[in-house]
Structures are given as structure tokens and as C-alpha cells.
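First up is the structure itself, then whatever we jot down about it.
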Amino acid sequence: MTGPATLQPAFAWSRIWREEKSRGVAIQIMTVLIFFLTVAWLIGNVTANFAALDKTFGFKFLWQLPANYDINQVLIDYNSQNSHLRAALVGLINTFLVAIVGIVLATILGFTVGTLRLSGNWLVARLAYIYIEAIRNVPVLLHILLWHGIIINTLPHPRRAINMGDASFLSNRGLYIPRPLVEDGFGWVVIAFAAALIGAILYHKRARRIQIDTGRHVHSIWIGLAIVAGVTLLAFLAAGSPIGLELPALRGFNFRGGINLLPEFVALTWALSIYTSAFIAENVRGGILAVNKGQTEAAQSLGLRPGKVLSLVVLPQALRVIIPPLTSQYLNLTKNSSLAIAIGYMDLVATLGGITLNQTGREMESMMLVMLVYLIISLLISSFMNWYNNRVRLVER
Amino acid sequence: MKAKILSILGAAVAMAMAVSASAGTLDDVRKRGHLQCGVNTGLPGFAAPDDKGVWRGFDIDYCRAVAAAVFGDASKLKFTHLTGKTRFTALRSGEVDLLSRNTTWTFSRDVDLQLTFVGVNYYDGQGFMIPKKLGVNSAKKLDGASICIQTGTTTELNLADFFRSNGMKYQPVPIETNAEARTNYLAERCDVYTTDASGLAATRAALDKPDEHMVLPEIVSKEPLGPLVRHGDDQWADIARWTLNAMVAAEEMGITSKNAKAMAKGTKNPEINRLLGKEKLQGREALGLSADWALNVISQVGNYGEVFEANLGPKTALGIPRGNNAQWRNGGLLYAPPFR
């Protein structure tokens with residue numbers, strides 16, 4: 001700067017406030033200060049109360065104490081002599097199970113209902129409308145309690161279970177299905193399956209290249225599926241059917257053997273799925289409506305059939321609009337799964353945030369861990385969906 | 001602006017100070033004007049609303065006794081209804097002054113959870129209830145059963161131990177409250193409901209057809225139930241402990257709600273006189289209670305035997321015999337230390 005030197009007036013504190021730039025900085029400094037003071041106060045308060053209660057803070061209880069309680073749905077080895085950490089892990093896996101199955105179901109249901117909502121058929125569109133409005137305007141906890149009540153009250157006792165071909169049984173203790181048991185030679189089937197899958201993918205890529213080069217459409221999806229299914233089946237038979245089935249059978253009070261889908265799991269997953277599907281349906285409808293009608297008409301005038309119009313022209317453009325709100329629905333479903341506690345499904349909140357918290361008296365540590373885990377799960381889902389969103393984003397040139 | 005922020009900060013600091021500095025529980029209760037008592041969410045005989053919506057029961061009467069000791073008025077009392085899981089947090093955080101919620105006295109609750117059990121007012125044990133039509137007559141034959149349990153209780157842990165030590169398997173159905181357990185049990189979601197034998201008697205009595213259900217003979221644990229307070233306030237713990245002792249001692253000495261006022265005028269038995277305030281009970285002032293505290297407890301609530309008969313005894317729907325809960329002279333375990 002080579003301007004004429006200005007006279008510096010005596011420094012005054014009030015200047016900081018009068019000048020816009022310095023005022024901005026001052027406000028920011030104060031905000032940060034207040035934030036840290038609040039955090040410090042919270043921590044201080046907790047510390048003071050811990051001291052007053054003569055409690056210590058630490059996570060050693062997680063692996064030093066045996067859990068001493070049993071869990072009814074266990075996907076990894078667990079018994080009551082394992083640590084609280086192991087019990088929490090069992091709960092976490094149960095949470096994951098509900099979240100993943102729920103997200104898949106809710107997406108399928110939501111996309112179906114959302115497209116039906118736009119159907120030209122008046123009755124179908126109205127039914128979809130009623131489904132959406134009736135379901136999303138009732139609190140999700142009531143959905144969960146309703147479905148649990150229906151399952152345990154209307155389905156029969158195991159002794160009068162509904163028999164499905166002597167292999168599966170439906171009762172108010174849940175659905176029992178056969179458990180596949182892997183026998184010798186199953187490795188060959190897996191190898192054959194993998195090889196067929198790679199072959200099918202290569203075939204699909206070649207079909208794409210032919211279509212791009214020549215414009216000739218080569219069917220690849222169905223042929224690919226046929227290759228995978230056929231080769232796997234042949235290998236399966238050649239290896240001498242190396243899968244045994246462990247059938248559930250009524251012994252004493254309950255069915256033993258097989259895989260048991262607990263009523264609590266079914267009720268929770270189903271209730272969360274239909275509740276979330278109503279919201280997803282609205283997102284899908286919004287996304288499809290956001291695609292200019294001219295696009296559909298142009299595609300139709302090119303001679304594409306309705307299914308192709310939807311899958312090749314409308315959906316790829318609609319997805320950009322659908323995915324961001326879809327992400328928050330997935331997050332909602334995952335977080336709502338913590339309502340499991342209402343019907344006694346043993347998820348993370350029921351194990352670590354429930355029984356462990358209660359039996360060890362470590363409220364602070366347990367709740368902090370539960371919250372942290374939910375935060376991590378949510379961030380993982382968000383980052384995956386952001387990655388996917390970037391992939392389907394329109395590439396603007 | 002700055003002044004405002006400073007005043008907000010000042011208020012925050014003042015709040016922090018207020019949280020960390022707490023006076024004695026007795027002073028807090030007196031200042032508030034009522035006792036805040038943690039009780040069950042509903043267990044007939046122990047804590048349940050009657051047909052007028054008034055909460056009654058064995059645990060409720062103990063709360064009334066402490067209110068009578070502190071205020072001279074058994075009605076200066078409010079309830080907080082707590083599940084098995086929320087009870088200890090509520091007590092430790094100061095939400096309730098006292099927990100009277102059929103709670104088992106165990107080592108880790110006393111030591112690790114830092115609670116002070118002030119005595120045992122009901123000697124119980126864990127049992128199993130099952131529909132008669134299942135034809136099971138012993139808990140050792142429950143292999144493979146689905147069992148409803150209240151989470152956050154000792155029964156949950158005893159159950160795991162019992163089945164492990166007998167080499168049996170079971171499917172736990174975790175339940176939050178007694179009412180939910182009942183729903184699941186009646187819907188046959190579980191074959192068996194397990195909790196303290198007294199709780200089973202209470203639940204069974206409230207069923208539509210109690211005769212179709214039976215309590216199995218095995219009692220698989222010791223469950224000494226009693227009221228409890230937080231660690232760290234011995235004066236308050238003493239008030240709770242000696243209120244219970246006064247009720248037990250009153251039964252032993254033959255003081256009832258009907259004759260208490262007459263006996264307070266003076267008897268030949270010096271211990272009765274000390275208890276009812278006619279003669280000096282050394283140290284009573286240190287407890288912060290008036291001379292007629294025990295008289296108020298007994299005349300307004302009753303002695304232990306009266307409270308038991310009114311809520312749990314053979315004349316009630318529960319029909320529980322005194323058994324272990326009889327006075328030591330009658331072959332039971334009740335034994336109050338002397339008032340001297």
C-alpha cells in the first residue's frame with residue numbers, strides 16, 4: 001500500500017464493536033468461548049456428580065465382568081459366562097440384522113408403492129395413497145406393538161403349529177425353517193458358483209459392448225442368470241448334493257433344530273419396514289414427478305416399452321432426487337430399531353443399554369457407548385449413500 | 001450484550017454449584033413437604049391401585065410408615081412408579097428418596113451400585129408359574145421351555161445360573177413390567193413365568209382362572225426383599241431402617257394400630273415406653289425425629305403383622321402364609337434389634 005499515511009486514533013475498546021469486520025471476529029470468539037464453557041460445565045457437572053456418588057469412570061467392566069444373562073437370539077457363539085462386551089456385540093449384530101433386512105424390505109416395498117401411487121389405474125393409485133397415508137401417520141411404536149400383538153395372540157401354540165410340509169412350522173414362538181448343513185464337497189459347488197458368476201459378468205460386458213458398437217440388443221441378464229443357476233445346480237448334483245437339512249421338530253415345549261425367526265424379530269422388522277416404506281414411497285413419487293414429462297414422451301416416441309421407459313429414462317434421472325431423502329429414511333429405520341426394547345427384542349439398547357447398564361450400574365459409560373455406536377452406524381450409512389449418490393449423479397458436461 | 005452473557009455464565013456456574021452441593025436427605029424431604037417414594041408399576045398386594053385408584057400394598061405401606069415417621073402424617077407422600085430397570089438410576093440420581101419396590105438385597109447392589117439396604121421386610125425366593133395343562137410338576141423338567149423374565153432383576157441372573165447348573169436350555173423372553181409378562185404368558189408366548197414366589201402368587205391371583213395355573217415347588221434362589229436408600233446419608237438410612245424395625249418390634253411387643261395410642265400413655269414394659277415416646281430413647285434427637293415418631297407409624301399404618309395381613313395374608317386374594325416372614329418366636333426370620 002502506498003496511500004497517504006492516515007492518522008491512527010487512540011485505541012478504544014468500543015472500536016471493536018463499531019467496525020463490522022472486528023465485530024464479526026469478536027462475536028465468533030465469544031461463540032466459541034460460550035461453546036467451550038458449556039462443554040466444560042457439562043463435564044465438570046458430571047465429574048462433580050461422579051465424585052459425590054463416589055463413582056469412577058471406566059470401561060473395564062465390559063471385559064472384566066461376566067454378563068451372567070442369556071440372550072434369545074444369538075448369531076455368534078455366546079453364553080452367560082461371556083463378557084458384557086460379547087453380550088453387547090450380540091446385541092449389535094441383532095441391531096444390524098434388523099436394520100439390513102428392514103432397509104431391503106422397506107426399499108422394495110417403498111419403490112413398489114411409490115410407482116403404484118402414480119399408476120394410471122384409479123383404484124391402484126387410490127389404494128397406494130391410502131396405504132401411504134394410513135401407515136405414515138401412525139407412530140412407529142404402535143406399529144411395532146400391533147404386529148407383535150397380532151403374532152403372539154393369533155398364531156397358535158407350538159403344539160398346534162401350522163405345519164408347512166413337515167419342514168417349516170409357524171407358531172406364536174415364531175417361524176421355524178430348516179437349517180442348511182454344509183457337508184463334504186460343498187467347496188466345489190462354491191467354486192463352480194464363483195466361476196459361473198465371473199462367466200456371466202464377462203458375457204454381460206460383451207453384450208454391452210456389442211450393443212454400444214452395433215446398436216444390436218443382446219439379451220444378457222436372463223442368460224447370465226441361467227448360466228449361474230445351471231452351472232451351480234450341475235456342480236451341486238455332481239458333488240452328490242452336499243447340503244443336508246436340519247429339520248425343526250417339536251420336542252417338549254418347543255421346536256428344536258432349524259432356524260427360528262423370533263416373533264419379536266419378525267414384528268420389529270416388518271413394522272419398521274412398512275412404516276419406512278410409506279415415506280420412501282413418497283420420496284419415490286416426488287423423484288419420478290421431478291422428471292420432465294417430455295422425457296417420458298420422447299422415450300415412448302422412440303418405441304421403448306413402458307418398463308424400459310421407467311428403467312432406462314425415468315428412474316436414472318429420478319434417483320438423483322430420491323437418494324438424498326432415501327438416506328435419511330435409512331437412518332430413521334436404523335435408529336427406530338432401538339424401539340426393539342418395547343417388545344423384548346435383544347438389540348444393542350436392550351443388552352448394553354439395558355441389562356448390562358442395569359446389572360453393572362454404569363449408566364454413563366453404557367449410554368455413551370450406545371450413542372457412539374449409533375452415531376458410527378449412521379455415519380457409515382450416510383457415507384455409503386453419498387458415494388452411491390455421486391455415482392448416479394448426472395454428469396454435466 | 002456482554003453483561004447478558006456474563007449473567008448467563010454466572011447462572012450456569014451457580015447451577016453447577018447447586019447440583020454438586022446437596023444437603024441431607026431429611027432436610028430436603030422436610031423442605032419439599034412430602035416423601036418421594038419409588039414403587040412398583042403394578043404388582044397386586046405389593047403396589048397396585050385399588051378400585052378407587054388409590055395405590056395400596058405392602059411396599060406402599062412401608063412408604064406411608066416413613067412419611068408418618070418424618071412428618072407425623074402418613075399421607076405426605078408421592079409415588080414414582082419404576083420398572084426393574086429404572087429403579088436404581090432413579091434412586092441414585094435423587095429422583096426418589098427411598099425405594100420400596102420388592103428389591104432383592106445382593107452383594108453387588110449393596111457394594112458396587114452403592115445402595116444401602118435398610119433391612120429385609122419380605123423373605124422371598126424365585127419360583128416358576130406354569131399352566132397346569134402342560135403337565136409339568138418340577139422345574140427340573142423345564143428343558144427347552146420359553147420363559148418370561150423381567151429384565152434388570154436378579155431373577156434374570158438366577159435363571160441363567162439355574163439352567164446352566166442343571167445342564168438345561170431355555171429361551172428367555174425378556175419383559176419390562178409385570179403387566180407385559182402377564183400378557184405374554186396368557187398369549188402362550190412363553191410356557192413359564194418366573195419371578196419371586198410372592199410376585200407369582202400376586203400375578204396368579206389376578207388371573208381370570210387362577211386354578212388353571214400352578215407354582216412349581218422348587219424355589220431356586222434366596223430373595224431377601226427390602227427397602228433401600230442411597231449410599232452416603234447415614235441419618236436417612238437410619239430413619240428408614242428403624243422405621244422398619246419399629247413395625248417389626250411393635251408386632252412382637254403386641255402394639256397395634258388400635259391400641260398404640262392407649263399404650264403410649266405408659267405401660268409396665270420400658271421398651272414399649274421407649275418406642276412410643278413415653279420414656280427417653282437415647283439418640284432419637286440425632287435422628288431428627290419427634291418423640292412420637294414410632295407412635296405415628298404404628299397408629300397410622302400398623303405393625304408389620306397388620307400390614308402383612310391386610311395386603312398379602314391368607315384373607316386376601318394372594319393368600320400367602322407368613323412362613324419365613326413370621327416373628328422369630330413363631331419360627332420365622334423376623335427379628336428386630338432392641339430399642340434401647
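In the text below, chain A, chain B and the rest are named by the order of the sequence lines, each starting its count at 1.
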By a 4.5 Å heavy-atom criterion (distance strictly below it), what part of [X] contacts chain B: side chain, backbone, both, or neither?
| X | value |
| --- | --- |
| A:N79 | neither |
| A:A67 | backbone |
| A:S171 | neither |
| A:A342 | backbone |

Looking only at heavy atoms and a cut-off of under 4.5 Å, which of A:G44, A:G252, A:G174, A:P263 has the most pairs with chain B?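 Ranked by contacts with chain B, first place is A:P263.
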Looking at A:R173, A:M346, A:H157, A:E264, which one has more heavy-atom pairs under 4.5 Å with chain B than the rest?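 Answer, by heavy-atom pair count under 4.5 Å with chain B: A:R173.
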Supply the atom-to-atom distance [X] [atom1] to [Y] [atom2], rounded to the nearest 0.5 angstrom.
| X | Y | atom1 | atom2 | result |
| --- | --- | --- | --- | --- |
| B:N184 | A:N172 | CG | CG | 9.5 Å |
| A:I343 | B:E180 | CD1 | CD | 10.5 Å |
| B:T86 | A:L357 | OG1 | CG | 11.0 Å |

Residues of residues 70-78 of chain A within contact distance of chain B, non-hydrogen under 4.5 Å: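 Checking residues 70-78 of chain A against chain B gives A:D70, A:I71, A:N72.
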For [X], is it the side chain, the backbone, both or neither that has a heavy atom under 4.5 Å from a heavy atom of chain A?
| X | answer |
| --- | --- |
| B:L157 | both |
| B:R164 | side chain |
| B:L142 | both |
| B:V192 | neither |
| B:T153 | backbone |
| B:F163 | neither |
| B:I147 | neither |

Is it true that atom [atom1] of [X] has more than 12 heavy atoms of other residues, nucleotides or ligands lying nearer than 6.0 Å?
| X | atom1 | result |
| --- | --- | --- |
| B:R32 | CZ | yes |
| B:K140 | NZ | no |
| A:M371 | CE | no |

Which of B:P172, B:G232, B:C190, B:A160 touches chain A most, by non-hydrogen pairs under 4.5 Å: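 Among the listed options, the one with the most contacts to chain A is B:P172.
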Pick from B:D143, B:T106, B:D161 with the largest number of heavy-atom pairs that fall under 4.5 Å of chain A: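 Winner by heavy-atom pair count: B:D143.
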Heavy-atom pair with the smallest gap, counting every atom of A:N254 and B:A145: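 Shortest heavy-atom separation between A:N254 and B:A145 comes out as ND2-C, 3.7 Å.
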Is there a side-chain contact between [X] and [Y] (heavy atoms, below 4.5 Å)?
| X | Y | answer |
| --- | --- | --- |
| A:I341 | B:K85 | yes |
| A:Y69 | B:T151 | no |
| A:R256 | B:K169 | no |
| B:Q171 | A:L262 | yes |

Can we say B:D112 and A:R362 salt-bridge, meaning some charged N sits less than 4.0 Å from an Asp/Glu carboxylate O?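 The answer is yes: the pair qualifies as a salt bridge.
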A:R160/B:E188 salt bridge by N-O under 4.0 Å criterion: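 Yes.
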